[in-house]
Number of protein chains: 2
Amino acid sequence: MVYAANVSERRRQPPELAISTVIFALRGDGEESRPTLWMPLVRRTRQPYQDLWALPGGPLSAAESLQDAAARNLQETTGLQPDYLEQLYAFGGLDRSPAQRVVSIVYWALVKPDEAALARETDNVRWFRADGVGQLAFDHNQIVDYALWRLRNKVAYSSIAYAFLGEKFTLAQVREVYEAVLGKTLDPANFRRQLRAAPDIQATDEYLQGGRHRPPRLFRYTGSAGPKNGPLA
Amino acid sequence: MVYAANVSERRRQPPELAISTVIFALRGDGEESRPTLWMPLVRRTRQPYQDLWALPGGPLSAAESLQDAAARNLQETTGLQPDYLEQLYAFGGLDRSPAQRVVSIVYWALVKPDEAALARETDNVRWFRADGVGQLAFDHNQIVDYALWRLRNKVAYSSIAYAFLGEKFTLAQVREVYEAVLGKTLDPANFRRQLRAAPDIQATDEYLQGGRHRPPRLFRYTGSAGPKNGPLA
DNA sequence: ACAAAAGTGTTCAGTGTACACCCATGC
DNA sequence: GCATGGGTGTACACTGAACACTTTTGT
């Protein structure tokens, strides 16, 4: 039995290769409050770490690329199709798993609100606020921290914020994304000017109706969605 | 025999896990010219890609972390001990290797000039200019391109430049590092001011003698050397 | 009319860049 | 003395932050 393997036995086996994904979505938690970052986790149904929450993941199938494996696994466990998917890091510490050694190649994903609304929530799949996940299985707390760090960094210098939004959005909604991710408020006037200066934000001639005040104009993002990692795809 | 395996056979085997490293050092190539980026490569002595140059690498031993594996492999193949070592990316495309599927976790390293001078150059280990490596084995050209991209990015916003330099250095030497990596000249006056404003650059009371002109002051870097990736070690 | 968000204008401090200039050394 | 790189001073354009102000809607 693998789980009972002693150390010398374990040293002889090749490390197992697994794929996991940290998934982020923005959700308005209350009625009147600002949206915040959420992520889906799956409950462990086996040892080790049985009944603790963990990142969705699984083994790498032989006939699919790493990214495809992440997307498929994500789809199978949570029903989600990400709008942004990028490799985060390969975790390969010796004692990540108590039995067989596991090397995990971790991806991180962003999903749009309509997609996140479709996500099925079962007894073994539940959404958590990103800043309140509690104790997770394996080294997954460390992985979530790193993913959050990367998200906060990347939102500041790239255009991933739009992966959190639908096709059309108000500039205030974009600002809410930044405020939720960065955890601080931003000056609406200056933020607006910055976005207007960006070439890949196009104004539509539509306005968001139904609000309590002056209807804001809707905009569209015309840049590409996927990650741009220099010479990589 | 692994290399003769057909596709359906190959699909059944678990992917192999390997570690490779892209190593950068700065070398003055001529007498009077500016230093440029170089990297050591190893010659393939077996199929596939026999006789082509490739990144140093090898399989992951069961009892060492990913980073330790990279450092050890690097030491064994090139004799180098890096001053900076950081994970680059996990490459896992289906057709990276013609026979068994291989997932490579790639690191990148920077070595100081005294260390690079010690490096043994044999018939199967040779140094190349980073911008003229020719055709490499596997997808290693793509990997080198990505490592170069990361290096150029990171040099602009972090302090890795000092991993290319010895304990004491002139500000002009630091500038030469930036110019070699970024591939453009920088204003000496403004560059100097920027560095003087950095808190972890300390002036010594020594001067570099033997130059053709006014002897420049030597400085010391007091910051830490390793990669700082947010919540990761 | 009033409140509140949408949207515009203006000021100000900090920063990067260009470049003129002085300093110290070898030849 | 002269050439050259070391090192300092300074002006200017650009940018981000602060904030006053106008516009447009719902109530």
Side-chain angles (χ1 to χ4, degrees), chain A residues 28 30-35 152-153 155-159 161 165 168-199 201-221, chain B residues 28 30-35 152-153 155-159 161 165-166 168-221:
Chain A
E31 253 302 302
E32 279 304 311
S33 76
R34 299 281 158 250
R152 293 195 173 111
N153 268 284
V155 90
Y157 68 84
S158 89
S159 300
L165 295 170
K168 293 168 187 171
F169 46 80
T170 69
L171 298 188
Q173 286 171 337
V174 184
R175 181 165 48 82
E176 283 173 350
V177 174
Y178 277 81
E179 290 181 341
V181 171
L182 299 177
K184 62 177 180 184
T185 60
L186 300 168
D187 185 304
N190 295 327
F191 188 84
R192 173 188 189 79
R193 247 187 308 267
Q194 262 179 259
L195 289 196
R196 296 307 312 258
I201 312 256
Q202 271 183 359
T204 70
D205 50 3
E206 297 172 67
Y207 293 80
L208 180 62
Q209 303 294 340
R212 273 187 295 273
H213 305 293
R214 171 174 174 178
R217 187 185 283 269
L218 289 170
F219 292 81
R220 187 185 281 114
Y221 178 65
Chain B
E31 252 304 301
E32 279 304 310
S33 76
R34 300 279 157 252
R152 293 193 174 112
N153 268 284
V155 92
Y157 69 84
S158 90
S159 300
L165 295 170
K168 293 169 187 169
F169 46 80
T170 69
L171 298 189
Q173 286 171 337
V174 184
R175 181 164 48 84
E176 283 173 349
V177 174
Y178 277 82
E179 290 182 339
V181 171
L182 299 177
K184 63 177 179 184
T185 61
L186 300 168
D187 186 307
N190 295 326
F191 187 84
R192 173 188 188 77
R193 247 187 307 266
Q194 262 180 259
L195 289 197
R196 296 306 316 255
D200 42 10
I201 312 254
Q202 272 182 358
T204 70
D205 49 5
E206 298 173 66
Y207 293 80
L208 180 63
Q209 302 295 341
R212 272 186 296 274
H213 305 293
R214 172 175 171 177
R217 187 185 282 269
L218 289 170
F219 291 81
R220 187 184 282 115
Y221 178 64

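In the text below, chain A, chain B and the rest are named by the order of the sequence lines, each starting its count at 1. Keep in mind that what you see is a predicted model, and the values were worked out from it rather than measured.
Between B/R212 atom CZ and C/dG26 atom P the separation is 12 Å, expressed in whole Å. Rounded to whole Å, atom C1' of D/dG5 lies 16 Å from atom CG of B/L186. Taking atom OH of B/Y178 as the reference point, atom P of C/dG16 lies 13 Å away to the nearest angstrom. Atom CG in B/L208 sits about 17 Å away from atom P in C/dA24, given to the nearest Å. Spacing between atom CD of B/E176 and atom P of D/dG5 amounts to 11 Å, rounded to whole angstrom units. Going from atom NE2 of A/H213 over to atom C1' of D/dG26 covers 7 Å, rounded to whole Å. Atom P of nucleotide D/dT24 and atom CD of A/Q209 are separated by 14 Å, given to the nearest angstrom.
Considering only residues two or more places apart in sequence or on other chains, A/Q194 meets the side chain to side chain contact (heavy atoms under 4.5 Å, CB included) condition with none of them. Residues that satisfy the side chain to side chain contact (heavy atoms under 4.5 Å, CB included) test with B/R196, not counting sequence neighbours, are B/L171, B/R192, B/A203, B/F219. Qualifying salt bridge (charged side-chain N to carboxylate O under 4.0 Å, His left out) partners for B/R175, counting only residues two or more places apart in sequence or in other chains: B/E179. Scanning for ring pair (Phe, Tyr, Trp, His ring centres under 6.0 Å) contacts around B/Y221 gives B/Y162, with sequence neighbours left out. A search for ring pair (Phe, Tyr, Trp, His ring centres under 6.0 Å) contacts involving A/Y178 returns A/F191, not counting sequence neighbours.
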Reading 5' to 3' through nucleotides 6-15 of chain D, protein heavy-atom contacts under 4.0 Å coded B for base, S for sugar-phosphate only, - for none = BSBBB-----
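The two atoms that bring A/T170 and A/L208 nearest to each other are CG2-CD2, 3.8 Å, heavy atoms only.
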